[in-house]
Protein chains: 2
Amino acid sequence: MSVTETLSAIDPEAVAETQAAAPSEELLRLVVEAFQALADPTRARILYALVRRPMRVRDLAILAGVSESAVSHQLRFLRDRRLVRSERQGNAVIYTLDDHHVAALFREAEHHADHVRLGLPDHPYRIP
Amino acid sequence: MSVTETLSAIDPEAVAETQAAAPSEELLRLVVEAFQALADPTRARILYALVRRPMRVRDLAILAGVSESAVSHQLRFLRDRRLVRSERQGNAVIYTLDDHHVAALFREAEHHADHVRLGLPDHPYRIP
DNA sequence: GTATCATATGAGCAGTTGCTCAGATGGAGG
DNA sequence: CCTCCATCTGAGCAACTGCTCATATGATAC
């Protein structure tokens, strides 16, 4: 057996094959950005609320349990990534979900959470 | 109109109603952790690869385009959160997806990416 | 016009994250 | 035994994130 064969003995085609099926850099960037938007407790609370109904900043701040300024910053983040949309209504600004896939993403993540909970007993990972 | 009514004129029930439907803190934590796991380019590349087939650390490092040490760190992260599972095979360690919901999450995120791309032209958000 | 309410924004800072580097661990083969 | 290969791990650090605080903007009511 040659040195080259020995060095990559286990899965010589794995890399090439998987590389071909990999998503484009552009798509990967967008996908990762979508997950980043959902990967924060405050933003998740905001989006969970907006899945139920459109709401103004004030109320979102109460629900998310942070200052109105903090919510406003996060809403800009979400707006820039097209997860929410804003609309003036007199003095207030009403925010709406701008993509129904958000609800689907939450559903899938909850399924994963169930998976984690069911298998938890023997697993080393504990709440930080 | 009283002061109290004026202060919460737009949606007095929004908070209470949405608060009742909100997910528990425990579930929210797990959901956010799941999204955090997917919210990094290296981890996303690793998981995209593992959706295709089980693979050893070496190959994942090549596919993710980072050092084997870096991949190992990220694999521990993913292992702790039950997204992947590891199995020794002689000298190497083979990693496998530990939850088929990962593929579904990627699919949904890709749908969102399409949504973003379709609506991109008039939108202020640009690649950082 | 001024005052007030609601939201937005920029600067600054503490906490977190993902990498590198050096060294440890563990199986296979001589 | 010793050596090589593959993987793991801890420390340290540069970059990023999410908040607060102060201030700006914008619409309504007077």
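Computed from heavy atoms alone, side chains included, the values below leave out hydrogens, waters and symmetry copies.
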Do A:S69 side-chain and C:dT9 base share a donor-acceptor contact under 3.5 Å?
yes
With sugar-phosphate meaning primed atoms plus P, OP1 and OP2, does B:S67 contact a base, only sugar-phosphate, or nothing at under 4.0 Å between heavy atoms?
sugar-phosphate
Determine the minimum heavy-atom distance between A:V116 and B:R81, stating which atoms define it.
CG2-O, 3.8 Å
Please determine whether a side-chain nitrogen or oxygen atom of B:Q74 lies at a distance below 4.0 Å from atom OP1 or OP2 of C:dC19.
yes
Rounding to a whole Å, what distance do you find between A:Q89:CD and C:dC5:P?
20 Å
OP1, OP2 of D:dC5 versus side-chain N and O of B:R58: anything below 4.0 Å?
no
For A:G90 and for A:H73, find the nucleotide of DNA chain D with the closest heavy atom, then tell me which residue's nucleotide is more 5'.
A:H73
Rounded distance in Å - CG (A:L75) to P (D:dC19)
11 Å
Does D:dC8 have OP1 or OP2 sitting under 4.0 Å from an N or O in the side chain of B:R56?
no
NA contact type, A:T42, heavy-atom cut-off 4.0 Å: base, sugar-phosphate, or nothing?
sugar-phosphate
Name the closest nucleotide to the B:R79 side chain, picking from C:dT20, C:dA6, D:dC8.
D:dC8
Is B:Y95 close enough to D:dA6 that one of its side-chain N or O atoms is under 4.0 Å from OP1 or OP2 there?
no
Is there a donor and acceptor pair closer than 3.5 Å between the side chain of A:N91 and the base of D:dG26?
yes
A:F35 has an atom CZ; how far is it from atom C1' of D:dT17, in whole Å?
20 Å
